[in-house]
2 protein chains.
Amino acid sequence: MAKRVVPETARRRRRPTKQGQVLTHQLIVETALRMLREHGAAGLTARRLGLALGADASTVYRYFRGMDDLVLAIADELFGHAVEGWSPSGDWRADLRELGLRIHNAYLTHPQAAVLTASRVTGLPQEVATDEIILGILRGAGFPDADAVRIYHAFIDQSLAFSILDAATLALPPAAREADEEVWRDTYARLPATTHPHIAATAPLLVARMNDSAYPTALDMLLASASAQLRG
Amino acid sequence: MAKRVVPETARRRRRPTKQGQVLTHQLIVETALRMLREHGAAGLTARRLGLALGADASTVYRYFRGMDDLVLAIADELFGHAVEGWSPSGDWRADLRELGLRIHNAYLTHPQAAVLTASRVTGLPQEVATDEIILGILRGAGFPDADAVRIYHAFIDQSLAFSILDAATLALPPAAREADEEVWRDTYARLPATTHPHIAATAPLLVARMNDSAYPTALDMLLASASAQLRG
DNA sequence: TCCTTATGCCAACGCCATTGACGTTGATGA
DNA sequence: TCATCAACGTCAATGGCGTTGGCATAAGGA
């Protein structure tokens with residue numbers, strides 16, 4: 001075949017799809033983002049993307065080598081969304097907290113993008129820009145380079161990792177979530193204090209928190225530890 | 001159809017597969033675990049599982065409602081593996097560190113199981129047992145119940161979340177990983193200090209750490225913060 | 001002995017990502 | 001002006017996936 005290569009230069013020749021749509025990388029990424037937002041991670045498929053674009057599924061492959069390439073482009077875009085409109089306050093701890101929550105939130109609807117961002121470090125522009133910001137905050141706060149890099153790594157991976165986890169919960173249909181909650185409540189309430197004293201003692205607390213994301217806690221703990229390191 | 005219901009009572013009547021194998025829930029889970037260990041998360045499919053069992057893929061559905069049910073069973077099994085042979089040392093911090101690493105490691109080859117464990121809290125036996133152990137360590141260390149529950153939640157989700165992330169890296173074919181590493185090294189080395197001073201200053205450190213999991217760092221920071229809370 | 005039920009197999013459904021072949025277009029340069 | 005060529009659209013097909021309906025068979029229980 002004619003080697004479905006994706007050219008790097010900007011395209012100048014265009015032909016509309018059957019529905020009259022003119023495609024670009026940008027348009028495809030934006031459409032994909034909208035689909036993810038509206039239908040969740042499982043809702044983005046080549047076929048449906050093609051449909052949403054008014055084009056054949058295979059047309060997507062003229063622009064991206066495969067779905068992974070597309071998701072990678074989406075992933076980079078999300079870093080841009082995460083820091084959009086943000087500016088440093090001067091308080092490193094508050095700044096990192098804000099950025100952590102923003103990144104976590106941006107990837108919440110796009111867990112597949114989080115997986116790729118973390119596993120396939122490809123140096124895409126928005127990702128690099130975000131890295132620079134985070135490292136800048138840490139070094140500006142006075143962390144020695146080795147510590148700054150270590151904390152940066154833990155910080156960014158933790159935000160992405162929790163996004164994936166929390167996204168899975170979010171993606172469940174409400175009915176399934178309620179059913180699970182019921183089972184859980186039952187199971188934990190039924191455990192006798194003789195065999196499971198600690199669960200029995202804390203069951204109400206456990207149940208009350210079971211639907212919350214643990215990310216804010218984990219983030220705060222990471223920042224508290226970093227702060228202690230800085231002072232110590 | 002005859003409603004493919006999975007009976008809850010132990011089965012007594014058995015008919016071997018064409019290959020003479022006699023199936024049980026246990027055998028299916030064990031075979032699936034082996035496939036995950038040997039071929040990674042993407043290597044476990046209903047068809048291949050059937051093949052490995054010497055049975056038709058559809059036979060699996062006589063034992064599990066669907067793939068999710070099977071993976072849930074696997075997930076619970078993994079908690080058992082994680083704490084197998086472990087006993088508390090009396091040092092709560094060292095104990096939690098050990099358990100965190102064990103859980104992270106157990107789910108490393110089974111990220112799909114980690115996703116389900118965290119998103120569909122179903123109160124399966126091994127999971128409950130592990131929860132009891134962790135809560136016991138925290139309450140034994142002197143944490144008030146509210147803190148113990150909060151830390152427990154962050155701790156367990158952190159280990160699962162990082163498993164998913166690290167598993168994605170692990171699953172990449174070595175060639176792809178090396179190619180990515182190359183790109184990364186290039187990108188970061190090429191950034192001028194004028195536009196990206198912080199990356200430029202720490203590039204060697206960044207590159208040196210890029211393939212390591214950030215989990216141990218994040219875990220230690222979480223424990224350090226917990227310890228400070230306890231003392232404070 | 002007969003009936004029920006558990007459990008096996010097979011074939012099929014509708015989904016998925018991806019690709020090869022082919023047609024059409026617009027820009028380029030002789 | 002016009003031939004060439006790359007870009008990029010469609011279509012049809014491939015091989016995989018989870019899942020299910022239909023049917024055959026064997027093990028107990030009556």
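First the proteins, then the strands, lettered A, B, ... as listed; each starts at 1.
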Original post:
Distance only, no hydrogens: is a donor on one side chain within 3.5 Å (strictly under) of an acceptor on the other, for Q158(A) and Q158(B)?
Top reply: yes
**OP:** Taking atom types as modelled, find out whether D157(A) and Y215(B) have a side-chain donor-acceptor pair closer than 3.5 angstrom.
**Re:** no
Integer-rounded Å distance: [N] [atom2] and [X] [atom1]:
| X | N | atom1 | atom2 | value |
| --- | --- | --- | --- | --- |
| L49(A) | dG9(D) | CG | P | 12 Å |
| R62(B) | dC9(C) | CZ | P | 10 Å |
| D56(A) | dT24(C) | CG | P | 16 Å |
| L51(A) | dC15(C) | CG | P | 12 Å |
| Y63(A) | dT19(C) | OH | P | 18 Å |
| L70(B) | dC17(D) | CG | C1' | 15 Å |

Original post:
Taking E77(A) for the side chain and V29(A) for the main chain, is one N or O donor matched with an acceptor at less than 3.5 Å?
Top reply: no
Original post:
Under 3.5 Å, is there a donor-acceptor pair between the side chain of R47(A) and the main chain of A57(A)?
Top reply: no
For nucleotides 16-18 of chain C, print each protein N/O atom paired with a nucleotide N/O atom at under 3.5 Å, atom names and distance only.
{"from": "dC16(C)", "atom 1": "OP1", "to": "T45(A)", "atom 2": "OG1", "distance (Å)": "3.3"}
{"from": "dA17(C)", "atom 1": "OP1", "to": "A46(A)", "atom 2": "N", "distance (Å)": "3.1"}
{"from": "dA17(C)", "atom 1": "OP2", "to": "A46(A)", "atom 2": "N", "distance (Å)": "2.9"}
{"from": "dA17(C)", "atom 1": "N7", "to": "R47(A)", "atom 2": "NH1", "distance (Å)": "3.1"}
{"from": "dT18(C)", "atom 1": "OP2", "to": "Y61(A)", "atom 2": "OH", "distance (Å)": "2.6"}
{"from": "dT18(C)", "atom 1": "OP2", "to": "M67(A)", "atom 2": "N", "distance (Å)": "2.8"}
{"from": "dT18(C)", "atom 1": "O5'", "to": "Y61(A)", "atom 2": "OH", "distance (Å)": "3.3"}

Original post:
With R37(B), which residues qualify under side-chain hydrogen bond (donor to acceptor under 3.5 Å, both in side chains), at least two apart?
Top reply: none
**OP:** Go through the structure and list residues passing side-chain hydrogen bond (donor to acceptor under 3.5 Å, both in side chains) with S213(B), not counting sequence neighbours.
**Re:** D166(B)
Original post:
Does T59(A) make a side-chain N or O approach to OP1 or OP2 of dC8(D) shorter than 4.0 Å?
Top reply: no
